[in-house]
S.K.: 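Sharing a structure here in structure tokens format.
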2 protein chains.
Amino acid sequence: MATQTEEDYIKAIYKITEKNQGSASTNAIAARLSTSPASVTDMLKRLSSKDYFHYEKYKGVYLTSKGIKMATTLVRKHRLWEVFLVDKLKFSWDEVHDIAEQLEHINSDELITKLDGYLGYPKYDPHGDPIPNEAGKFTIRSQVSLFNMNANESGVIVGVREHDTSFLRYLNDLNINLGTTIKVIKHIEFDHSKKVLINNTTEEVLSQKAAHNLFLKKNKDI
Amino acid sequence: MATQTEEDYIKAIYKITEKNQGSASTNAIAARLSTSPASVTDMLKRLSSKDYFHYEKYKGVYLTSKGIKMATTLVRKHRLWEVFLVDKLKFSWDEVHDIAEQLEHINSDELITKLDGYLGYPKYDPHGDPIPNEAGKFTIRSQVSLFNMNANESGVIVGVREHDTSFLRYLNDLNINLGTTIKVIKHIEFDHSKKVLINNTTEEVLSQKAAHNLFLKKNKDI
DNA sequence: ATATATATTTAAGCTAGCTTAAAAGTCTGT
DNA sequence: ACAGACTTTTAAGCTAGCTTAAATATATAT
């Protein structure tokens, strides 16, 4: 059994390599775990005998299939617990991350199997992120960033790129949630913001940054 | 914030003093936590500055009100999670202890408040043990051990004294659960066992040990 | 190509929590 | 009241994971 800290390292490496194609640097891991680069080097050396990843001095680190399995299991547990917190306990989507971060370390395969069934085998978490199945496979969905949509196109919100609390609360204020319909009214060249129609009722302007963080399933052209 | 280990120590002291009126000995704590007496002394010394308990060399230890608060909160969390596991996830009452032992360390007041509401503010866990409220108060119930019931008396199972897996599985085999009706047919002097009628259908003999471990709410005499 | 900046590793040392072995205190029976 | 048994504490030392400071690699800009 891996310790909680070991799990945190593996998941951090997974999240970093997911973006940075390839390997995770000492500094990136340290930043993600709010610890020092020296601690990371120390840990990587101690852990490298456990076969979760390949480590070469000064070259960074990448996960083995064993490490990927552990990481996707953690992601699966995290996202299932988030569904539980939002769907059953009625937490808001901006409140669940830290609690799920703890719950993902609970160790019981039977628990996760039963929780999955109890929740109705969800494919996506409350932020629209896919929940890997037991084998670690994700359900892929065709989606596009609002930033890449043109005037007169519309779609339904299916996910958010980043889930920091301030962004999610901002969306709450705008009444934007998963399932919300968005229609692009116009693109503003000057600062790349977009004027949009939310749920066929309210007009708002979304900044480039906000638009970039929203994923939609595009409606077929009418 | 207390570490998980600190929480385990406080809960162990609480459980021991609950039975042994007064204080918990080093050996008793060590036995409960499967660690060495030397580790316990070490820990008690380091922790005694945190005001959870009074410690005097060679005299054992007893909780302060701060320590009792922590312990009852842990008991509350443990038992609420057990209700969740049995009522919602359909675990059997003999499978939930170890998982709840992990879940009780999850840190979020809001989570416990919402879980409590979601479960319908239960007063007892799946073994019939009372769930302390937020203030640490237990709901007391009038109950009697089956061992102390006489021939022709009957009642309904409301709790079990010990919850070790083998006992709970034995009860499963006998179709005895919370809510089961038991009528004492006769007391066998020789070995203090009891012949009983279960749910008005099956006759069984229960040993002194088994009878001692079962709590019933007695039916009024007819 | 070399100086400078940045990234990484090494070294030394800390705390929490554990262990075993030995020392010291407390209890019990005669 | 004291010998022997049991309990508790002390002492020394271990591992996991952390820190800071210094040393070493690597990358970059001229």
Side-chain angles (χ1 to χ4, degrees), chain A residues 1-13 15-17 19-63 67 70-71 74 101-102 104-105 107, chain B residues 1-13 15-17 19-63 67 70-71 74 101-102 104-105 107:
Chain A
M1 259 295 300
T3 66
Q4 184 155 327
T5 308
E6 284 174 8
E7 291 189 337
D8 288 338
Y9 271 84
I10 302 303
K11 192 174 156 195
I13 295 166
K15 291 278 184 179
I16 293 164
T17 50
K19 300 190 174 182
N20 297 22
Q21 309 289 44
S23 73
S25 73
T26 302
N27 263 5
I29 298 169
R32 208 170 214 301
L33 297 177
S34 303
T35 185
S36 69
S39 301
V40 173
T41 300
D42 184 66
M43 189 64 160
L44 294 181
K45 277 163 63 181
R46 280 187 288 117
L47 244 104
S48 60
S49 65
K50 296 202 182 174
D51 209 35
Y52 294 124
F53 50 72
H54 293 288
Y55 170 55
E56 212 180 327
K57 267 192 187 182
Y58 297 103
K59 295 285 173 58
V61 81
Y62 63 92
L63 296 179
M70 175 186 278
L74 286 166
E101 204 71 16
Q102 296 181 63
E104 74 187 17
H105 296 293
N107 191 303
Chain B
M1 259 296 300
T3 66
Q4 184 155 329
T5 308
E6 285 174 10
E7 290 188 338
D8 288 338
Y9 270 85
I10 302 303
K11 191 173 157 195
I13 295 166
K15 291 277 183 182
I16 293 163
T17 50
K19 300 192 174 177
N20 298 21
Q21 309 291 43
S23 73
S25 72
T26 301
N27 263 3
I29 298 169
R32 209 171 214 299
L33 297 177
S34 305
T35 185
S36 69
S39 301
V40 174
T41 300
D42 184 65
M43 188 63 158
L44 294 181
K45 277 163 62 181
R46 280 185 290 118
L47 241 91
S48 60
S49 65
K50 296 203 184 174
D51 211 33
Y52 293 125
F53 51 71
H54 294 287
Y55 169 55
E56 213 180 328
K57 265 193 188 181
Y58 296 104
K59 293 287 174 56
V61 82
Y62 63 92
L63 296 179
M70 175 186 277
L74 286 166
E101 204 71 15
Q102 297 181 64
E104 76 188 15
H105 295 293
N107 191 301

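Throughout, protein chains are lettered first and strands after them, A, B, ... in sequence-line order, and every chain is numbered starting at 1.
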S.K.: What's the closest nucleotide to the T3(A) side chain, out of dG17(D), dA16(C), dT9(C)?
M.R.: dG17(D)

S.K.: Does T26(B) make a side-chain N or O approach to OP1 or OP2 of dT9(D) shorter than 4.0 Å?
M.R.: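 Yes, because at least one side-chain N or O of T26(B) sits under 4.0 Å from OP1 or OP2 of dT9(D).
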
S.K.: Less than 4.0 angstrom from a charged side-chain N to a carboxylate O is my criterion; do E6(B) and R46(B) meet it?
M.R.: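 So E6(B) does not pair with R46(B) through a salt bridge.
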
S.K.: So, is N27(B) near the phosphate of dC6(D), with a side-chain N or O under 4.0 Å from OP1 or OP2?
M.R.: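 Checking N27(B) against dC6(D): no side-chain N or O falls below 4.0 Å of OP1 or OP2.
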
S.K.: Please state how far atom CG in L44(B) lies from atom C1' in dA16(C), giving the value in whole angstrom units.
M.R.: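 These atoms are roughly 14 Å apart.
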
S.K.: Considering only dA24(C), dT10(D), dT19(D), which nucleotide approaches the side chain of S39(A) most closely?
M.R.: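 Per side-chain heavy atoms of S39(A), the pick is dT19(D).
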
S.K.: For E6(A) and dA16(D), what is the distance between atoms CD and P respectively, to the nearest whole Å?
M.R.: 8 Å

S.K.: Heavy atoms from C-beta onward define the side chain here; which of dT9(D), dT9(C), dT8(C) lies closest to that of S25(A)?
M.R.: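 Of the options given, the side chain of S25(A) lies nearest dT8(C).
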
S.K.: More than 12 non-hydrogen atoms from neighbouring residues, nucleotides or ligands closer than 6.0 Å to OH on Y55(A), yes or no?
M.R.: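 Enclosed: over 12 neighbouring heavy atoms sit under 6.0 Å from OH of Y55(A).
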
S.K.: Under 4.0 Å from OP1 or OP2 of dT19(C): is there any side-chain N or O of T35(B) that close?
M.R.: yes

S.K.: For the side chain of K57(B), counting heavy atoms from C-beta on, which of dC18(C), dT10(D), dA16(C) is nearest?
M.R.: dT10(D)

S.K.: Among dT9(C), dG17(C), dT20(C), which nucleotide sits nearest the side chain of R46(B)?
M.R.: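 The answer is dG17(C), which lies nearest to the side chain.
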
S.K.: Do the side-chain N or O atoms of S36(B) get closer than 4.0 angstrom to the phosphate oxygens (OP1, OP2) of dT19(C)?
M.R.: yes

S.K.: In Å and rounded to the nearest 0.5 Å, what is the CE to CD1 distance from M43(B) to I29(B)?
M.R.: 10.5 Å

S.K.: To the nearest angstrom, how far is Y58(A) atom OH from dT9(C) atom C1'?
M.R.: 4 Å

S.K.: Whether K59(B) contacts dT26(C) is assessed here as follows: a side-chain N or O lying under 4.0 Å from the phosphate OP1 or OP2. Is that the case?
M.R.: no

S.K.: According to a strict under-4.0 Å criterion, is T41(A) in side-chain N/O contact with OP1 or OP2 of dT10(C)?
M.R.: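 No.
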
S.K.: Considering heavy-atom distances to DNA chain C, does L47(B) or G60(A) have its closest nucleotide positioned more toward the 5' end?
M.R.: G60(A)

S.K.: Can you tell me which nucleotide in dT9(D), dG17(D), dT10(C) comes closest to the side chain of Y55(B)?
M.R.: dT9(D)

S.K.: Tell me: CE of M1(A) to C1' of dA16(D), nearest whole Å?
M.R.: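 Whole-Å distance recorded here is 15 Å.
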
S.K.: Rounding to a whole Å, what distance do you find between M43(B):CE and dT19(C):C1'?
M.R.: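 That distance rounds to 15 Å.
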
S.K.: When you measure from the side chain of D42(A), which nucleotide among dG17(D), dA21(C), dG17(C) comes out closest?
M.R.: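 Within the option list, the nearest is dG17(D).
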
S.K.: If only side-chain N and O atoms of Y9(A) are considered, is one of them under 4.0 Å from the OP1 or OP2 phosphate oxygen of dC18(D)?
M.R.: yes

